[in-house]
Amino acid sequence: MSQEYHQVHPIDVSSHWSLFGHLVEKAMTKTQQTDYTLKGVQDRLIFNQWQLFVILKDGELESIIVTCVIPFDLCNYLNPVFISSNTNKVDLNYMQRCLEEIAVKYNCSKIMGGGRVGWKKVLSKLGYKDLNLVVKEL
């Protein structure tokens, strides 16, 4: 079994959207994400505001990672906005290695993200800390 990941160049996002657009939509649905639209995500990828990475397993598309870099004064954060898979199981160790390499590539010294509550227990085993985030709608 071989795994590899590649960044999809912003120029190629539109022409290959049919290959991974459904995975973005799946991630949006599972996380009950209502702050973005599918078209908005696609536009952010095309305009290189966000980055799209595909993970291939034995040459076949297995999963995707959509990231954005958030600059702070003293560091940059890599935020994996969406992670989605064609299968029900994600190789978390490989995914973590990918995220760490992507973070280094984009000069990020921290990774932050959110998602479903069930991820807290799994991600704590990979070194993530649960820091409370509260949101109030106006």
Side-chain angles (χ1 to χ4, degrees):
M1 171 185 77
S2 69
Q3 287 183 308
E4 57 189 2
Y5 76 96
H6 303 278
Q7 183 173 5
V8 177
H9 194 281
I11 292 173
D12 297 325
V13 168
S14 290
S15 60
H16 297 296
W17 188 249
S18 62
L19 296 174
F20 43 75
H22 69 285
L23 290 174
V24 173
E25 187 171 30
K26 177 181 172 183
M28 291 173 70
T29 301
K30 285 196 169 227
T31 58
Q32 300 174 353
Q33 180 55 259
T34 58
D35 293 334
Y36 302 111
T37 64
L38 196 56
K39 176 70 171 128
V41 172
Q42 184 181 19
D43 288 345
R44 284 176 186 83
L45 293 169
I46 290 169
F47 295 116
N48 203 27
Q49 296 168 326
W50 288 3
Q51 305 79 39
L52 173 65
F53 296 87
V54 294
I55 296 178
L56 305 176
K57 186 174 183 180
D58 296 326
E60 298 291 322
L61 177 64
E62 180 185 64
S63 47
I64 61 156
I65 306 170
V66 175
T67 64
C68 73
V69 175
I70 303 172
F72 281 70
D73 292 341
L74 301 177
C75 66
N76 293 325
Y77 282 80
L78 181 73
N79 180 17
V81 182
F82 299 114
I83 295 174
S84 188
S85 176
N86 275 326
T87 65
N88 289 332
K89 188 161 178 133
V90 174
D91 182 344
L92 289 177
N93 289 320
Y94 183 74
M95 183 77 64
Q96 180 60 32
R97 284 195 307 273
C98 294
L99 289 172
E100 289 173 0
E101 288 179 17
I102 294 166
V104 169
K105 176 181 177 179
Y106 283 94
N107 196 31
C108 298
S109 57
K110 298 181 180 184
I111 300 172
M112 68 182 230
R116 295 180 285 151
V117 175
W119 281 105
K120 286 182 183 181
K121 183 177 179 182
V122 173
L123 293 177
S124 68
K125 295 176 184 175
L126 295 173
Y128 287 86
K129 296 177 188 171
D130 180 18
L131 303 177
N132 291 328
L133 171 69
V134 294
V135 176
K136 177 183 179 189
E137 289 192 39
L138 302 176

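Every value quoted in this text rests on a predicted model; they were computed, and no experiment measured them.
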For this session: Specify the closest pair of heavy atoms between Cys68 and Val81, including all atoms of both residues, with the distance to one decimal.
Result: SG-CG2, 3.9 Å
For this session: Answer yes or no: is there a side-chain heavy-atom contact under 4.5 Å between Leu56 and Glu62?
Result: no
For this session: Compare every heavy atom of Ile111 with every heavy atom of Pro80, then report the nearest pair and how far apart it is.
Result: CD-CG2, 3.9 Å
Problem set entry | Pairwise side-chain contact, Ile65 with Phe82, heavy-atom cut-off 4.5 Å (strictly under) | no
Problem set entry | Gln49 side, atom CD; Asp43 side, atom CG - distance, nearest 0.5 Å | 8.5 Å
Seminar exercise, completed: By side-chain contact (heavy atoms from CB on, under 4.5 Å), Lys110 pairs with (sequence neighbours left out) Cys75, Tyr77
Problem set entry | Set of residues satisfying side-chain hydrogen bond (donor to acceptor under 3.5 Å, both in side chains) with respect to Ser63, sequence neighbours excluded | none
Exercise. Do the side chains of Gln96 and Glu100 get nearer than 4.5 Å, heavy atoms only?
Worked result: yes
Exercise. Is a side-chain donor or acceptor of Asp58 paired with a backbone partner of Ser2 at a separation under 3.5 angstrom?
Worked result: yes
Problem set entry | Shortest non-hydrogen contact between Ala27 and Ile83, atoms and distance | CB-O, 3.9 Å
Exercise. What residues, two or more places apart in sequence or in another chain, satisfy side-chain contact (heavy atoms from CB on, under 4.5 Å) together with Ser14?
Worked result: Gln42, Ile46
Exercise. Considering only heavy atoms from C-beta outward, does the side chain of Val8 approach that of Phe53 to under 4.5 Å?
Worked result: no
Exercise. When rounded to the nearest 0.5 angstrom, what is the spacing between OG1 in Thr37 and CE in Met28?
Worked result: 6.0 Å
Exercise. From Ser85 OG over to Lys30 NZ, what is the distance, rounded to the nearest 0.5 angstrom?
Worked result: 9.5 Å
For this session: Using the test ring-ring contact (aromatic ring centres under 6.0 Å, His included), find all partners of Phe20 that sit at least two apart in sequence or belong to another chain.
Result: Trp17
Exercise. Between the side chain of Asn76 and the main-chain N/O of Asn107, is any donor-acceptor distance below 3.5 Å?
Worked result: yes
Problem set entry | Between CG on residue Leu45 and CG on residue Leu52, distance to nearest 0.5 Å | 5.5 Å
Problem set entry | N/O donor-acceptor pair under 3.5 Å between Asn86 side chain and Leu61 backbone | yes
Seminar exercise, completed: ring-ring contact (aromatic ring centres under 6.0 Å, His included) filter on Tyr36, not counting sequence neighbours, yields Trp50
Exercise. Under a 4.5 Å cut-off applied to non-hydrogen side-chain atoms, are Val69 and Gln51 in contact?
Worked result: yes
Problem set entry | Glu25 CD to Ser84 OG distance, which is reported to the nearest 0.5 Å | 10.0 Å
Exercise. Would a 4.5 Å heavy-atom cut-off, applied to side chains only, mark Arg97 and Tyr5 as touching?
Worked result: no
For this session: Taking the side chain as every heavy atom from C-beta outward, state whether Ile55 and Ile64 have any atom pair closer than 4.5 Å.
Result: no
For this session: List in chain and number order the residues that pass side-chain hydrogen bond (donor to acceptor under 3.5 Å, both in side chains) with Gln7, two or more places apart in sequence or in another chain; answer none if no residue qualifies.
Result: Lys105, Tyr106
